[in-house]
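These numbers were taken from a predicted model, which means no experiment stands behind them. Note on naming: letters A, B, ... go to the chains in the order of the sequence lines (proteins, then strands), and numbering restarts at 1 for each one. All values below come from the heavy atoms of this structure, side chains included, with hydrogens, waters and symmetry mates left out.
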Amino acid sequence: MFLRSLSMRGFKSFADRTVLEVEPGITVIVGPNGSGKSNVVDALSWVLGTNSAKKVRGGAMSDVVFAGSPTRNRSNRAHVEIVIDNTDGYLSGAGLATADSAGAFSEVRVARTIQTDGEATYQINGEDVRALDVQELLSDTGLGRELHTIVGQGQLDEILNAKPEERRRYIEEAA
Amino acid sequence: MFLRSLSMRGFKSFADRTVLEVEPGITVIVGPNGSGKSNVVDALSWVLGTNSAKKVRGGAMSDVVFAGSPTRNRSNRAHVEIVIDNTDGYLSGAGLATADSAGAFSEVRVARTIQTDGEATYQINGEDVRALDVQELLSDTGLGRELHTIVGQGQLDEILNAKPEERRRYIEEAA
Amino acid sequence: IRAVFKAAFDDVAREFELTFETVFPGGHGRLVLTGSDDLLTAGIEVEARPPGKKVTRLSLLSGGERSLTVLAFVFAIFRARPSPFYVLDEVDAALDDVNLQRLLKVIRSFRGHAQIILVTHQKRSMEIADVLYGITMGPDAVTKVVAERLRDQAAKSQQLEERAS
Amino acid sequence: IRAVFKAAFDDVAREFELTFETVFPGGHGRLVLTGSDDLLTAGIEVEARPPGKKVTRLSLLSGGERSLTVLAFVFAIFRARPSPFYVLDEVDAALDDVNLQRLLKVIRSFRGHAQIILVTHQKRSMEIADVLYGITMGPDAVTKVVAERLRDQAAKSQQLEERAS
Ligand SMILES: Nc1ncnc2c1ncn2[C@@H]1O[C@H](COP(=O)(O)OP(=O)(O)OP(=O)(O)O)[C@@H](O)[C@H]1O
Ligand SMILES: Nc1ncnc2c1ncn2[C@@H]1O[C@H](COP(=O)(O)OP(=O)(O)OP(=O)(O)O)[C@@H](O)[C@H]1O
Ligand SMILES: [Mg+2]
Ligand SMILES: [Mg+2]
């Protein structure tokens, strides 16, 4: 499987719908301080099912909804979708059972939405599913729920300063 | 007052006696990773009397003694000395009373030594003094014991992540 | 469960030794299980000896050495238990030019086996991009994105100049 | 003691507003006492609003914005309660070029009032040096130092090239 695209609307500083096509190789994101680079990383962690507001730097999960600016109203909801190329049939886990046989899908779309009141929904290929279904779908792929494959901006220090018993979690998650 | 020079011997990676002349203006220290830049900063914190091995990144204070390498024996002791220009008579505190009237000294030398067994001594102008005397000498100059004027390599994050009640210490120390 | 963890730990530990030597040529690093005989509660200690130096506690290493050490740990996990993609957000911040090149070499080695998304301020890190996204914040505090495909070398160096933080 | 702290806090809070606007032109920041009515136990909250953005919790700010905010706090203390020297170890690591220039402007403003020792990997930061010390680690794991006095402009740009990390 590989990621084809990531689209965001109303998510953090991405008030307007934005689509990033992801290449098979190396994608590099650059820009000034505060422009939104780490927000892209947060969007990916978030749509893949992170449960921790802290992982996306918020106090509550609803903090990811675009909060507005002096010249722009706040959004009512945040929506992120990833399109995964599944032509290799890699994604065939239980999670897609609720959306018919996964192997049949050469393209899998996972989406997550949250309203300002905190009410959240997930979709797989357009069908409403539970958070658990997304977890099961992705668990086969080596993507744990704490998403050890996403190394955030302060995370190197976190791993270094962690107690030895905390550090094992990175291996447990990947195992 | 201003710093004239900082000399180190047997301190961390400064096995050989090294003297840095400090200019009145802006001194910039550069070099590759692991070359010893932060060790210079540690030497300054240390000679000015920090009590915390953590402030100099050690587990115990004796960790600052040059530990040797595959091609060089460890040192028996670490020694750091600063020379302070006191022609403006700024340093006239109680700390120098033990070494005669401070105002009389246009140059004040503060030194600190530690042996591998952890036994430590301080000197002001060559005379043995207690740690307390060094603290009293420097307290007039706005240099608190936690040395808020020395911003170490991880310290910005520390201040940011501190609880509000911890953050006040930076102001308390400077006050 | 203990067996699953032990197998993973052994694989990661082996990869860590190899990856550490790639980013610290002539150095030596290893992972050690500590604190408890029970595999379910034992912790993981990282031992690192940069080239030419003596084994030392992790806290005494420099900022860049610590970055590189924990990056070797992270990449060891990626190699022992591969995933389809990896995302790295400004992991190169503390590295000098020489160490940055070593890191980029490790990152490039994943190309073809996984997708990599790299966020950076460093110009040298931009050079390994197949696609470069430039991000800016608009006057209404909304992010805009501009994409460049960089397989065309001529366009590449020009855009690197424009896009650099 | 309460009075001493209150006076210091008020001075630092005033300097923080000014310094914040220097590093975030068009932005606004302030310090707030919180958590307790007793001046001896109250904590300090930092509120930061970068230019063009809405007031937001500190955790949602970017890495560079957070660096700059806490640097404004640190420099506000330096201005409210001066010391004879200041030492800054790689405080510029997370900053892009524009923000780095703003930081360097603040640092240069202390020149003449205090000595400053700056440790950095960034070439731009080297440009404000009166003296530049190049540090290297020798093959026996012992540090060597080479000093350059840089008031001579011609020598300066050449040494900047050589010394850069
Ligand atoms: N819910 C939200 N609504 C509006 N803006 C938000 C929201 N959450 C975060 N932001 C804004 O996004 C900006 C942070 O973006 P981000 O962390 O992606 O920056 P960055 O490009 O990674 O910068 P740096 O290089 O400094 O790390 C902040 O200025 C913050 O105010
Ligand atoms: N007691 C000691 N004896 C010998 N070497 C030591 C001792 N304490 C620290 N070192 C060595 O000093 C080096 C760290 O130096 P330092 O932290 O000053 O590097 P730096 O120049 O600041 O690098 P960076 O740019 O990565 O921050 C480490 O490699 C460490 O092994
Ligand atoms: Mg960021
Ligand atoms: Mg350092």
Side chain from CB out, backbone as N, CA, C, O: work out which of these in [X] comes under 4.5 Å of a heavy atom of chain A, or both, or neither.
X	answer
C/V145	side chain
C/V74	side chain
C/S125	backbone
C/V119	both
C/A114	backbone
C/T34	side chain
C/L58	side chain

Is the shortest side-chain heavy-atom distance between [X] and [Y] below 4.5 Å?
X	Y	value
A/V30	C/I135	no
A/N33	C/H121	yes
A/K163	C/I44	no
C/V46	A/R167	yes
C/L118	A/I29	no

Does [Y] offer a backbone N or O that forms a donor-acceptor pair with the side chain of [X] under 3.5 Å?
X	Y	result
C/Y86	A/V151	no
A/S69	C/D140	yes
A/R168	C/L39	yes
C/D130	A/I26	yes

Nearest 0.5 angstrom please: [X] [atom1] to [Y] [atom2], how far?
X	Y	atom1	atom2	answer
C/F73	A/I171	CZ	CD1	4.5 Å
C/Q115	A/R4	CD	CZ	10.5 Å
A/S38	C/D89	OG	CG	3.5 Å
C/Y133	A/L20	OH	CG	4.5 Å
C/I117	A/L44	CD1	CG	5.5 Å
A/E23	C/I116	CD	CD1	13.0 Å

Segment of [X] engaging chain C (4.5 angstrom heavy-atom cut-off):
X	value
A/E166	neither
A/D157	neither
A/R72	side chain

Option in [options] with maximal non-hydrogen atom pairs under 4.5 Å from chain C:
options	answer
A/N39, A/V22, A/V19	A/V22
A/E165, A/Q153, A/E172	A/Q153
A/L3, A/T18, A/V40	A/L3

Crowding at CG, A/N73 (>12 non-hydrogen neighbours, <6.0 Å): no
Check the orientation of C/F78 and A/H148. Use parallel for under 30°, tilted for 30 to 60°, and perpendicular for over 60°. tilted
If you count heavy-atom pairs under 4.5 Å between each of C/A147, C/S67, C/A42 and chain A, which one has the most? C/A42
Before giving the answer on side chain to side chain contact (heavy atoms under 4.5 Å, CB included), spell out for A/F14 and C/V142 the whole-Å C-alpha distance, their side-chain angles and the decisive distance to 0.1 Å. CA-CA 6 Å; A/F14 291 94; C/V142 175; over 6 Å; no
If you apply the rule side-chain hydrogen bond (donor to acceptor under 3.5 Å, both in side chains), what do you find for C/T143 with A/S13, and how did you get there? CA-CA 6 Å; C/T143 296; A/S13 57; 2.7 Å; yes
